[in-house]
> 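Here it is, the structure, as structure tokens.
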Amino acid sequence: MTSKNFLAFPLRTFSISVRLAFAIHFVHTHFYEVTLTQGESMLPTLRVSGDWVHADKQFRRGRNCQVGDVIVAVKPTDPEQRVCKRITGMEGDLIMVDGTVEHGDEKFIRVPKGHCWVTGDNLSSSLDSRSYGALPLALIKGKIIAKTGGDKWFERIENNLVDAKE
Amino acid sequence: MSIGTYIKTGIITLTWIPVLATVCDHVAFFGHIEGSSMKPALNPDASLGWTDTVWLKKWGIHKPGSIQVGDVVLLRSPDDPEKILAKRVLAVGGDEVVTRKTYPRPVCRIPPNHIWAEGDNIHSIDSNNFGPVSTGLIIGKASNIVFPFNRFGPVPNGGREARLSHLNRYHNSLKAKELEDETDK
């Protein structure tokens with residue numbers, strides 16, 4: 001009887017911590033996640049280091065994603081890495097691959113079905129669709145809705161693309 | 001039992017649901033094969049009224065080198081993120097593939113961490129339509145057929161050899177044999 005009591009407490013603690021860890025993981029994959037970002041590709045929206053981003057996971061697999069949204073996705077050329085980019089084209093859009101080339105050298109691509117075109121906000125230092133091509137929507141893990149970093153606790157990241165006016 | 005005990009049991013059951021769901025998502029689970037694109041290895045006869053269920057390994061499949069040529073994988077369709085396809089891996093990153101007619105180029109080089117996925121059935125929408133796919137789209141590797149029980153066992157081999165290097169080797173060995181035969185004469 002005493003040995004049973006002796007084991008009951010550690011077993012119960014273990015069971016509760018396992019369930020808690022999986023519950024957190026479940027929320028992280030299906031609903032909401034806060035992660036630290038790194039890299040210069042999203043300057044000036046996100047700093048090189050030290051910014052925490054809030055991701056809404058209900059947008060995973062590109063559900064309801066629009067042009068201009070900042071998303072977090074699995075890197076197509078290395079599934080163990082995540083990238084954070086802005087969608088700059090959805091399926092069917094005609095994309096100019098690189099806007100910095102001389103007039104006459106532009107290359108255009110039609111984004112295939114079920115894909116989107118992603119680029120970093122810092123075009124001069126970003127590895128994105130310009131090198132690995134259109135991103136399958138299924139690789140999108142969530143949409144970045146806000147960031148925490150610097151002196152602000154919760155700063156919304158808006159869809160800041162505006163329609164071109166004639 | 002009192003109402004309090006029922007509520008307590010209910011809450012404890014609820015707390016185990018995320019554990020189960022995560023294990024099914026990331027470790028291993030059953031996978032259902034629909035459609036005839038993997039015929040005859042899977043779903044050999046649609047008129048019999050059943051479809052195959054396979055055992056899907058999901059743990060560690062995104063590590064480089066874990067997906068090999070000949071494996072049957074379930075992957076999210078690059079065309080439609082809500083659709084899941086069952087295909088055979090014909091080539092992995094670095095290989096050169098001899099494509100079928102629907103692909104615009106006769107030979108395609110597979111980028112790193114991508115695969116060439118093709119159905120065993122020639123009537124299949126696969127890499128010949130959408131090109132090499134990222135291994136990030138793979139959700140599991142089919143290892144065994146578990147249902148129907150009379151088909152229980154490892155997933156049958158199949159598919160064609162599409163890697164240019166292997167085809168060249170085969171071609172060269174045939175040529176060498178011809179030469180040998182000629183010299184024998």
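Order of the sequence lines sets the chain letters (A, B, ...), proteins ahead of strands, with each chain counted from 1. Owing to the predicted nature of the structure, the values given are computational and were not obtained by experimental measurement.
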> Under 4.5 Å between side-chain heavy atoms, counting indirect links through other Ile/Leu/Val/Met/Phe/Trp/Tyr residues: same cluster for B:I61 and B:L74 or not?
no
> So for atom CZ, which belongs to A:F14, do other residues, nucleotides or ligands contribute more than 12 heavy atoms lying within a distance under 6.0 Å?
no
> Of all the heavy-atom pairs spanning B:T15 and A:R19, show the shortest one and how long it is.
OG1-NH1, 3.0 Å
> Taking B:K63 first and then A:E80, would you say they form a salt bridge - that is, a charged N and a carboxylate O separated by under 4.0 Å?
no
> With a 6.0 Å cut-off (strictly less than), is the heavy-atom count around CZ of B:F30, excluding the residue itself, greater than 12?
no
> In terms of hydrophobic clustering (I, L, V, M, F, W, Y; side-chain heavy atoms under 4.5 Å; direct or indirect links), are A:I140 and A:V83 co-clustered?
yes
> Please look at B:I12 and chain A and tell me whether the side chain, the backbone, both or neither of the residue comes under 4.5 angstrom of a heavy atom of that chain.
both
> What about B:V73 and B:F130, same hydrophobic cluster or not, with Ile/Leu/Val/Met/Phe/Trp/Tyr joined at side-chain heavy-atom distances under 4.5 Å?
yes
> Under 4.5 Å between side-chain heavy atoms, hopping through other hydrophobics if needed: is there a path connecting B:I145 to B:V89?
no
> Between A:P76 and chain B, which part of the residue has a heavy atom less than 4.5 Å away: side chain, backbone, both or neither?
both
> Taking all non-hydrogen atoms of both residues, which atom of B:P18 and which atom of A:A23 are closest, and how far apart?
CB-CA, 3.8 Å
> For B:D45, which residues count as a side-chain hydrogen bond (donor to acceptor under 3.5 Å, both in side chains) partner, sequence neighbours excluded?
B:S47
> Looking only at heavy atoms and a cut-off of under 4.5 Å, which of A:H25, A:H30, A:R60, A:K75 has the most pairs with chain B?
A:H25
> Going hydrophobic residue to hydrophobic residue with side-chain gaps under 4.5 angstrom, can you get from B:I67 over to B:I139?
no
> Identify, with sequence neighbours excluded, every residue that meets side chain to side chain contact (heavy atoms under 4.5 Å, CB included) alongside A:E155.
A:K147, A:K152
> Is the CD1 atom of B:I125 crowded by more than 12 outside heavy atoms at less than 6.0 Å?
no
> Tell me whether the count of non-hydrogen atoms from other residues, nucleotides or ligands lying under 6.0 Å of CD in B:E161 goes above 12.
yes
> With rounding to the nearest 0.5 angstrom, report the NZ to CG distance, A:K113 to B:N129.
11.5 Å
> Other residues, nucleotides and ligands only: do more than 12 of their heavy atoms fall within 6.0 Å of NZ on B:K57?
no
> Considering residues at least two apart in sequence or located in another chain, which fulfil the side chain to side chain contact (heavy atoms under 4.5 Å, CB included) criterion with A:A138?
B:R76, B:P81, B:L137
> Nearest heavy-atom pair of B:A21 and A:F26: which atoms, and what distance?
CB-CE1, 3.7 Å
> Taking every non-hydrogen pair under 4.5 Å, which of A:T77, A:V74, A:L137 racks up the most with chain B?
A:T77
> Given a strict heavy-atom distance threshold of 4.5 Å, which part of B:K83 is in contact with chain A: side chain, backbone, both, or neither?
neither
> Non-hydrogen atoms of chain A under 4.5 Å away: do they reach the side chain of B:H114, the backbone, both or neither?
side chain
> Using non-hydrogen atoms and a 4.5 Å limit, figure out which bit of B:P78 sits close to chain A: side chain, backbone, both or neither.
both
> Give the minimum heavy-atom separation between B:G136 and A:P79, together with the two atoms involved.
N-CG, 3.7 Å
> Report, in residue-number order, which members of residues 43-58 of chain A are under 4.5 Å from chain B by heavy-atom distance.
none
> Between A:F22 and B:L20, does the side chain to side chain contact (heavy atoms under 4.5 Å, CB included) criterion hold? Intermediate values first, please.
CA-CA 9 Å; A:F22 277 90; B:L20 268 178; over 6 Å; no
> Compare all side-chain heavy atoms of A:L139 with those of B:S134 and state whether any distance is below 4.5 angstrom.
yes
